[in-house]
Amino acid sequence: MPELGERGKDMAFNSTTSGRQIFEYSPDDTFSALLSALSNSNHYTVKDSNKSARTIMVSTGASWKSWGENLNVVVGPANGGFSEVAINSSSKFGVADWGKNQENFNNILNLLSEELKQYKKVSQKIEALPDDIPAQIKKLADLKAAGILTEAEFQAKKSDLLSRM
């Protein structure tokens, strides 16, 4: 699971932190999986959720590291039909989080990743823009000239691209 950046190194002096992560699942599936994972967690309490806005308000209790955190999670659309999960975490009290906000990010993303295993990934389709089609045909011609594509493969792909214009 990729980290949400290098911010974890300086977390001890921040009381508010935010980060984003892209998931290869639809925004609706990602929201459902996240709500389920957080609702089933013993560590997080779902305070509020809004399915149409795909937002979840979460809190954590006090621990030896902190007085607790409030987290606002938003699931939105990303390129290719994927989803982007944005998390904003702030300490309930105090001016330092002692790394707890970053730990919450990582824990929530791990919970989400585990829950998403039950869902089907979005197959990313990259549609060519009409302005990009001549450039793609040129690339195909270069591949044909290099011997990578046969004449039949070149003509088939070229016809497909021209039909999109």
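- Every residue was checked against the salt bridge (Lys or Arg N to Asp or Glu O under 4.0 Å) condition with K120, not counting sequence neighbours, and none meets it.
- A distance of 4.5 Å separates CG of L109 from CD1 of I87, quoted to the nearest 0.5 Å.
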Residues V73, V85; criterion side-chain contact (heavy atoms from CB on, under 4.5 Å); working and verdict: CA-CA 7 Å; V73 185; V85 176; 3.8 Å; yes
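- The shortest heavy-atom contact between L112 and A37 is N-CB, 4.5 Å.
- N110 contributes atom CG, which lies 13.0 Å from atom CD of E115 (distance to the nearest 0.5 angstrom).
- For L162, the side-chain contact (heavy atoms from CB on, under 4.5 Å) partners two or more places apart in sequence, or in a different chain, are I137, K158, M165.
- A distance of 10.0 Å separates CG of D48 from CG of N72, quoted to the nearest 0.5 Å.
- Distance check: Q136 CD to D160 CG gives 9.5 Å after rounding to the nearest 0.5 Å.
- In this view, N50 and S52, A53, T55 satisfy the side-chain contact (heavy atoms from CB on, under 4.5 Å) rule, not counting sequence neighbours.
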Side-chain donor-acceptor contacts of residues 138-149 below 3.5 Å, not counting sequence neighbours, with atom names and distances?
{"from": "K138", "atom 1": "NZ", "to": "D142", "atom 2": "OD1", "distance (Å)": "3.4"}
{"from": "K144", "atom 1": "NZ", "to": "E151", "atom 2": "OE1", "distance (Å)": "2.9"}

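- Taken together through direct or relayed side-chain contacts under 4.5 Å among Ile, Leu, Val, Met, Phe, Trp and Tyr, L71 and V46 form part of one hydrophobic cluster.
- Closest of all the heavy-atom pairs between F23 and F82 is O-CB, 3.2 Å.
- Side-chain N or O atoms of E114 include none that pairs as donor or acceptor with a backbone N or O of L111 at under 3.5 Å.
- What you find for Y25 and Y119 is that their closest heavy atoms are CE2-O, 3.4 Å.
- Identified under the salt bridge (charged side-chain N to carboxylate O under 4.0 Å, His left out) test for residues 28-39, with sequence neighbours left out: D28-R54.
- Annotation for P27 and G81: closest pair CD-O, 3.8 Å, computed over non-hydrogen atoms.
- The salt bridge (Lys or Arg N to Asp or Glu O under 4.0 Å) search around E84 returns R20, not counting sequence neighbours.
- Residue N88 comes nearest to F105 through the heavy atom pair N-CE2, 4.3 Å, listed as atom of the first residue, atom of the second, then distance.
- Between the T60 side chain and the E69 main chain, a donor and an acceptor come within less than 3.5 Å of each other.
- Considering CD1 of I56 and OG of S39, their distance stands at 7.5 Å, rounded to 0.5 Å.
- Atom OG of S159 is separated from atom CZ of F154 by 9.0 Å, given to the nearest 0.5 angstrom.
- Taking each heavy atom of A78 and S83 in turn, the nearest pair found is CB-C, 4.0 Å.
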